[in-house]
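The figures here come from the full heavy-atom set of this structure, side chains too, leaving out hydrogens, waters and symmetry mates. The model shown is predicted, which means the values in this text are computed figures rather than measured ones. Atoms within a ligand are numbered from 1 in the order they appear, just like the ligands themselves.
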Amino acid sequence: MIPTPHIELENKDLIAKTVLMPGDPLRAKFIADTFLTKVEKINNVRNMFGYTGYYGKKKVTVMGSGMGMPSIGIYSYELYSFYDVEKIIRIGSAGAYSPDLKLYDVLLVEKAYSESSYAKTMGVSNRKILSSSKSLNNRLLKAADKLDITIRPVLIHSSDVFYRLKADQFKDIYKTYGAEAVEMESFALFANAKALNKKAACLLTVSDSLVTHEKTTAQERQEAFTKMMEVALNSL
Ligand code: ADE
């Protein structure tokens, strides 16, 4: 069933078996412009840009996921199901719940806790905690080691809510589930991978802290996030 409602590409071969997914489609463009050769644009629908190119000899696609579980749920499902993608590595940002995390720390998501109904509604799992792929995680850890970049394996919270009325509510989730940081997409990505027998992983860079209220600027993020991109690209 291609093209799909959200990806206009008619030729499956123009999408690589591995896709890197930042939330922001302009970050996908930045990765393609900065790191890839022989780049072809593969999607424009809703400005959710995607690009396929080569990192050295490795063919790779980078495409935005948008924000939140419904959005990454749609794009990752279409890539896995209709474009024969095998592996998706999300590269995103996270807010720290743990006082031990600093801005720009790079996290490897081993497990995502969520109160979201995504996995249940989809019919894949009633669990509140879903895991990423161990084999992808091992490759990411090895790549980080080679590049001398520290990445910290963590359980995170995939939340449906960015703005909360109670500023302290995160402390319960930190205590009860051991969630060290929060983002808004991994749980749905991991649910799709589980449902479709594919692989998913997620690297996150800490962009803000719910503990100290520190924040990075958009410009700082663009520069600092290249570490995580290099780890993902070198794991291919
Ligand atoms: N991604 C980055 N920072 C976040 C936060 N504070 N809450 C949810 N998702 C985030």
Asks: Can you find a side-chain donor-acceptor pair between Thr212 and Glu214 that sits under 3.5 Å?
Replies: yes
Asks: Within the 4.0 Å heavy-atom shell around Leu210, which atoms of ligand 1 are there?
Replies: 6 (N)
Asks: Any idea which atoms of ligand 1 are less than 4.0 Å away from a heavy-atom of Ser93?
Replies: 1 (N), 2 (C)
Asks: Using a 4.0 Å heavy-atom threshold (strictly under), name the region of Ala94 that reaches ligand 1: side chain, backbone, both or neither.
Replies: backbone
Asks: Determine the sole option in Phe170, Phe187, Tyr97, Tyr177 for which the ring pair (Phe, Tyr, Trp, His ring centres under 6.0 Å) test with Tyr113 is passed.
Replies: Tyr177
Asks: My understanding is that only one of Ile2, Leu79, Val45 makes a side chain to side chain contact (heavy atoms under 4.5 Å, CB included) with Ile7; could you say which?
Replies: Leu79
Asks: Starting from atom 10 (C) of ligand 1, locate the nearest protein heavy atom and write down its residue, its atom name and how far away it is, to 0.1 Å.
Replies: Val182 O, 3.6 Å
Asks: Hey, which atoms in ligand 1 end up nearer than 4.0 Å to a heavy atom of Glu183?
Replies: 9 (N)
Asks: If you measure from each non-hydrogen atom of Asp208 to ligand 1, which part falls under 4.0 Å: side chain, backbone, both or neither?
Replies: side chain
Asks: Distance to 0.1 Å, residue and atom name: give those for the protein heavy atom nearest to atom 5 (C) of ligand 1.
Replies: Phe162 CE1, 3.6 Å
Asks: Is Ser207 near ligand 1, meaning one of its heavy atoms is under 4.0 Å from it?
Replies: yes
Asks: Tell me if a side-chain donor or acceptor on Lys198 pairs with a main-chain N or O of Val85 at a distance below 3.5 Å.
Replies: yes
Asks: Using a strict 4.0 Å threshold on nitrogen-to-oxygen distance, state whether Lys171 and Asp168 make a salt bridge.
Replies: yes
Asks: Would you call Lys12-Asp84 a salt bridge at under 4.0 Å N-O?
Replies: yes
